[in-house]
Amino acid sequence: MAEQKGKQSAGGKDNNKITSRAENYSDWYLDIVHRAGLAENSDVRGCMVIKPQGYALWEKMQLGLDGMFKETGHRNAYFPLFIPKSYFAKEEQMAEGFAKECAVVTHYRLKSDPTHGIIVDPEAKLEEELIIRPTSETIIWNTYRNWIQSYRDLPILINQWANVVRWEMRTRLFLRTAEFLWQEGHTAHATQIEAEQETQQMVDIYRRFAEEWMAMPVLVGPKSEGQKFPGAVYTLCIEAMMQDGRALQAGTSHFLGQNFAKAFDVTFQNEKAQREHPWATSWGVSTRLIGGLIMTHSDDTGLVLPPRLAPIQVVIVPLGKNETERAPVIEAAKQLQQTLRSLPRQEFFGYQSIQAVIDDDYQKSPGFRFAEWELRGIPVRVEIGPKDMENKTCVLARRDQPGKEGKQMGIPLTGAADAIVGLLHQIQTNLFERAKKFRDSNLFYADTYDDFKKQIESPGFIWAHWDGTRETEEKIAEETKATIRCIPFNRPSEPGKCMVTGKPSAGRVIFARSY
RNA sequence: CGGGGCGUAGCGCAGUUUGGUUAGCGCGCCUGCCUUGGGAGCAGGAGGUCGGCAGUUCGAAUCUGCCCGCCCCGACCA
């Protein structure tokens, strides 16, 4: 009896399968991250290990973004991880905003102790504590003070790729971790208008990157007062809808006014020999984008990668029962791999050659190998077997249509490389269109607060009128857990009345529950 | 930090209520045979201080206390 019970219950959950989205969205997400080998939790609370497959995605993101930053005149630099507490305190709004989640270094030495092993040396207390950067405005503007004397020194257009630490209570791989990787741009300008143009330009770069590389449609526009970056005059954002209908802030670009220049006493002389404070921006996206990528495209079969972001675009799976069958198949696979690799480089792939791998692990059954590569999200799979060799053809399978549905048989090997490139472009477009369609079909309207409360219980974003005050937004957040995600630039011009207070509203804004 | 749940092999779990010899199962892993157009099969094998510490007991995965960690729900957040 006991044995039988054990047998039945053991493995009750098939750990070979991915939890379906319908069953448990959050388990589905974690299954994808784990099974596709992107990342895992480390022993350090709240911190993840980004594994090679996951890091490769980040590298492709860096490739795409860094290129766009450079094209617009930015240069990379690196500033310290540690920020003296006094610097941090200088910009009040920001210090307050991040105070609750700062890691602080208080000592600089350990020593061995007979009873406790290694201990913090109480003699080695720092005179001034160091904050581990949650963001770098303060240390950078403290540095800019020395770099900026004249209007001729401006603009300063700097970006840094770095890690930051925000001590979060609850973490989720990629979406919210205590330490994460990001880029932060920090610019200084002679005029307000130029800084505001920069803020706009950078959010537009984020939009382009999200849409063109990640195939992730986004809403673009300012945040509400309540949601903006502490220390910013205003914050522009790109906001995406995940497949569970929740919002993900995917990137932000801040107009900082002269706040940091004043806090750090940064001035320059203009053409008329007058002293002025420069105008600032900062902007960033993080490894959170990987979470957004997963939750935008992936399905119950596994990860789905848009071709422009996929570190490997093509996998070739040779088939065959024995050496005699396999030899010519392998030869054809190698030729195709070589042809793909030597195609003219396209901007579409970041001017990198198309990466194709051959999976000739015959120990694994064909079905196993097909499933495995689908799980890992490779956009195109090529199957070549003995039957194909008779006709000099192959089979192409597209990841955006998993299983047998996405297969095209009888593709001539001679034209296969071109067909694959075409397919990669198609997949990229299809993924974007599909995600956009999903997003748009989950945009709802609410005119009364009652309707809003009802609608917010279902997935999706809601267009609603709001009186523009922080109090009303807070009340809504408290009562419905929804916040204003974005005030889209392209919103229809439609004055109305706030659904809560009845006060006038200039136009609808986007509400949603968010990550 | 409040409420709930859980720590047993790399992963997923049974066993704990009612203490009793060498702690089981599925997947994965290793060896061999066999097989290959959608997650194959057979045979053999390796792998555990049962989260930690202290206690109760002739005897603890199982009972008691303390501690640590993880997950979910809240408060907070890119």
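Per chain, numbering begins at 1; letters A, B, ... match sequence-line order.
No contact: Arg172(A) has no heavy atom under 4.0 Å from any strand. Here Val285(A) lies out of heavy-atom contact (under 4.0 Å) with every strand. Gly403(A) comes within 4.0 angstrom of a nucleotide base, judged by non-hydrogen atoms across all strands. When heavy atoms are screened at a 4.0 angstrom cut-off, Gln249(A) is found touching the sugar-phosphate backbone but no base atom. Among the protein residues, Leu248(A) comes within range of no part of the nucleic acid, since none of its heavy atoms lies under 4.0 Å from any strand. Asp388(A) comes within 4.0 angstrom of a base, heavy atoms only. Residue-level contact check: Glu325(A) touches neither bases nor backbone, having no heavy atom under 4.0 Å from any strand. Counting any heavy atom pair closer than 4.0 Å across all strands shown, Phe180(A) reaches a base atom. Thr301(A) comes within contact range of no nucleotide atom at all, as no heavy-atom separation falls under 4.0 Å.
Nearest nucleotide to the Arg170(A) side chain, out of A75(B), G39(B), G38(B): A75(B). Considering only side-chain atoms of Val395(A), the nucleotide from G37(B), G38(B), A75(B) that sits closest is G37(B). Considering only side-chain atoms of Phe370(A), the nucleotide from A75(B), G39(B), G38(B) that sits closest is G38(B). Across C76(B), G37(B), C71(B), the shortest atom-to-atom separation from the side chain of Asn41(A) is found for C71(B). Side-chain proximity of Ser365(A) to G39(B), C71(B), G37(B): nearest is G39(B). The nucleotide whose nearest atom lies closest to any side-chain atom of Phe368(A) is, among A75(B), A40(B), C71(B), A40(B).
Of the P atoms belonging to G10(B) and G52(B), the separation is 13 Å, rounded to the nearest Å. The P atoms of U16(B) and C53(B) are separated by 24 Å, rounded to the nearest whole Å. Comparing the same atom, P, in C6(B) and in C63(B) gives a spacing of 12 Å after rounding to whole Å. Remark: the separation of the P atoms in G69(B) and G26(B) is 35 Å, to the nearest Å. Atom C1' of A23(B) sits at a distance of 26 Å from the matching atom of C66(B), rounded to the whole Å. The separation of A60(B) from A40(B), taken at their C1' atoms, amounts to 44 Å, rounded to a whole angstrom. Atom name C1', nucleotides C67(B) and C27(B): the rounded distance is 34 Å, in whole Å. Taking atom C1' on both nucleotides, G12(B) is separated from C73(B) by 24 Å, rounded to a whole Å.
Atom C1' of nucleotide C73(B) and atom NZ of Lys481(A) are separated by 9 Å, given to the nearest angstrom. Nucleotide G37(B) holds its C1' atom 8 Å from the CE atom of Met409(A), rounded to whole Å. In this structure, Arg45(A) places its CZ atom 5 Å from P of C70(B), rounding to the nearest Å. For the pair Tyr29(A) OH and C71(B) P, the computed distance is 14 Å after rounding to whole Å. Counting to the nearest Å, the P atom of C71(B) and the NE2 atom of His34(A) are 10 Å from each other. What separates CG of Asp27(A) from P of G12(B) is a distance of 11 Å, to the nearest Å. In this structure, NZ of Lys364(A) is placed 16 Å from P of G37(B), rounded to the nearest angstrom. Put simply, CZ on Arg369(A) is 11 Å from P on A40(B), counting in whole angstrom units.
Salt bridge Glu239(A)/Lys223(A): present, at least one basic N to carboxylate O contact under 4.0 Å. By the 4.0 Å N-to-carboxylate-O rule, Glu225(A) lies close enough to Lys228(A) to be salt-bridged with it.
Ring centroid separation for the pair Trp182(A) and Trp283(A) does not come in under the 6.0 Å cut-off. Aromatic rings of Phe461(A) and Phe511(A) (six-membered ring for Trp) have centroids beyond the 6.0 Å cut-off, not under it.
Two residues, Leu319(A) and Phe174(A), neighbour RNA chain B, and the one matched to the more 5' nucleotide by heavy-atom proximity is Leu319(A). Position along RNA chain B of the nearest nucleotide to Cys394(A) versus Ser26(A) favours Cys394(A) as the more 5'-ward residue.
In summary, the side chains of His254(A) and Thr235(A) do present a donor paired with an acceptor at a separation below 3.5 Å, with no hydrogens or angles considered.
The 12-atom threshold is not exceeded at NZ of Lys85(A), counting heavy atoms of other residues, nucleotides or ligands nearer than 6.0 Å.
One donor-acceptor pair, N or O on each side, does fall under 3.5 Å between the base of G38(B) and the side chain of Glu374(A). No N or O donor and acceptor, one from the side chain of Lys404(A) and one from the base of G37(B), sit under 3.5 Å apart.
Shown here, U49(B) forms no base pair; nothing in the strands shown gives a Watson-Crick or G-U wobble contact with both key distances under 3.5 Å. G55(B) is paired with C63(B) under the Watson-Crick or G-U wobble criterion, all donor-acceptor distances under 3.5 Å. Of the nucleotides present, G32(B) is the one that pairs with C42(B) by Watson-Crick or G-U wobble criteria, both distances under 3.5 Å. The nucleotide A23(B) finds no pairing partner, because no Watson-Crick or G-U wobble arrangement with both distances shorter than 3.5 Å includes it. Under the Watson-Crick or G-U wobble criterion, with both distances below 3.5 Å, G74(B) is paired with C1(B). Nucleotide U17(B) has no partner under the Watson-Crick or G-U criteria, as no pair reaches both atom distances under 3.5 Å.
Annotation: cation-pi geometry not satisfied between Lys51(A) and Tyr55(A) (NZ/CZ under 6.0 angstrom from ring centroid, within 45° of ring axis).
Using a 4.5 Å cut-off on side-chain heavy atoms (C-beta onward), Ile456(A) and Ile462(A) make contact.
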